[in-house]
Number of protein chains: 2
Amino acid sequence: MQAIERFADFLSRNRLKMTRERRVILDQVLGTRGHFDVDQLLAGFRRAGHPVSRATLYRNLPRLIEAGIIHKLEMAHGQARYELMVGRHHHDHLICTDCGLILEFESHDVERIQDEVCRRRGFVMTGHTHQIRGHCAACAGRRRRRRG
Amino acid sequence: MQAIERFADFLSRNRLKMTRERRVILDQVLGTRGHFDVDQLLAGFRRAGHPVSRATLYRNLPRLIEAGIIHKLEMAHGQARYELMVGRHHHDHLICTDCGLILEFESHDVERIQDEVCRRRGFVMTGHTHQIRGHCAACAGRRRRRRG
DNA sequence: TCCTAGTTGCAACTCAGTCTCAATTATGAC
DNA sequence: GTCATAATTGAGACTGAGTTGCAACTAGGA
């Protein structure tokens, strides 16, 4: 599987070790779809009978990010969520503040505009966050109905 | 001054009181330019000889946001910064992760694209975050020089 | 002036994430 | 395979931003 090789490669290039815990974390991440958080992963480790400590998980998430395997989504109120990135295009997010639903969107035009903005300012972009918050179709409908 | 009326109006509409502390906070906010954080405001209160407790400040910042007077910028690692919004256009940010510099940019095209994305998904936007992280011109130059 | 809902400061608390440290282990060299 | 050693681990203490409970105080309408 591509992600495993990629991680092994990243580790050896940085003189880091492929431990049992790292394998367990990677497995869990690869087996989780959508957007997940630290507690979901910890619960998954327990369920699988391969516990990994909170400290170790927190120590290794940045490694998975550096290796390009996952991506971190910093949400309001210090909530962090992660999502698998291997073999995916860059995309941004629509976040429903009622039900927590996260939708994705891609826009080459936005990316082009960002590049242009950076170029004009001599700014070297290393990353960006682009989140639209609001009410998803279902929640918006529910709200309309409630108000009559 | 526009902001003061605006806040007084917001308070009375919501049956809230115009206290000494709220006046001090608003004064400090209006007298601070650029992007500021909670500790800067607290230091300002002390400097002005009008201390306000941390709890009270935290309780009132959301009120200033609801009143449309300031805007909250949620940055990485749970750092929050604020900026004055009265009489300003909506804008987004370029954040230098080396020196902390925050630049602003405006793009009607990005806003148009966002509206279009939302329309297509039946999503009702209530807010958004659009931050570009990287190295500002000065820091990027410094980095290039360091590498030779 | 009185009444009361709203407000305040303080200190205790929460919560996500980080750090310390002693014990353990992967990996490269032999 | 054995050894040496630098990296890694779990537990629990810690940090820092922000929140909360509470008793004392106060703005502002009746």
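Chain letters run A, B, ... following the sequence lines, proteins first, then strands; residues in each count from 1. Note that the structure is a prediction, hence the values are computed from the model and not measured.
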Taking atom P of D:dG18 as reference, at what distance in whole Å does atom CE of B:M75 sit?
12 Å
How close or far is atom C1' of D:dA6 from atom CG of A:N14, stated in whole angstroms?
14 Å
Quick one: which residue pairs count as a side-chain hydrogen bond (donor to acceptor under 3.5 Å, both in side chains) with a foot in residues 14-32 of chain B, not counting sequence neighbours?
B:R22-B:N60
Name every residue in residues 58-68 of chain A that has at least one heavy atom under 4.0 Å from any atom of DNA chain C, in order of residue number, or write none if there are no such residues.
A:Y58, A:R59
Tell me: NZ of A:K17 to C1' of D:dA7, nearest whole Å?
4 Å
Between CD of B:E21 and P of C:dG6 the distance, given in whole Å, is 17 Å
Please determine if B:R112 and B:E116 form a salt bridge, counting it only when a charged side-chain N lies under 4.0 Å from a carboxylate O.
no
Do the charged groups of A:D9 and A:R13 touch, with an N to O distance under 4.0 Å?
yes
From C-beta outward on A:M18, which listed nucleotide comes closest to its side chain: D:dG18, D:dA11, C:dT27?
C:dT27
B:H50: partners by side-chain hydrogen bond (donor to acceptor under 3.5 Å, both in side chains), with sequence neighbours left out
none
Residues in contact with DNA chain D, drawn from residues 32-43 of chain B - heavy-atom cutoff 4.0 Å
none
With respect to the phosphate group of C:dG6, does any side-chain polar atom (N or O) of B:T19 fall under 4.0 Å of OP1 or OP2?
no
How many whole angstroms separate atom CG of B:L57 from atom P of C:dC10?
14 Å
Please determine, by modelled atom types, if B:Q114 and A:H130 share a side-chain donor-acceptor pair under 3.5 angstrom.
yes
Apply side-chain hydrogen bond (donor to acceptor under 3.5 Å, both in side chains) to the pair A:H90 and A:H128, showing each step before the final yes or no.
CA-CA 11 Å; A:H90 170 76; A:H128 78 135; 2.8 Å; yes
Starting from P on C:dC15, measure out to CD on A:Q79 and report it in whole angstrom.
13 Å
Can you tell me if A:R22 touches the phosphate of D:dT8, counting only side-chain N or O atoms and a distance under 4.0 Å to OP1 or OP2?
yes
Would you mind telling me which residue lines up with the more 5' stretch of DNA chain C, B:I25 or A:H77, judged by nearest nucleotide?
B:I25
Pick the nucleotide of DNA chain D nearest each of B:R54 and B:R20; which residue has the one closer to the 5' end?
B:R54
Sequence-distant partners of A:H93, ring pair (Phe, Tyr, Trp, His ring centres under 6.0 Å), two or more places apart
A:H35, A:H91
Among residues two or more places apart or on two chains, list those pairs meeting salt bridge (charged side-chain N to carboxylate O under 4.0 Å, His left out) that have a residue in residues 41-60 of chain A.
A:D39-A:R54
For the pair made of CG in A:L16 and C1' in C:dT25, what is the distance, rounded to whole Å?
14 Å
Specify the separation, in whole Å, of atom CZ of B:R23 and atom C1' of C:dG6.
15 Å
So, A:D98 and A:R143, do they make that salt bridge, N to O below 4.0 Å?
yes
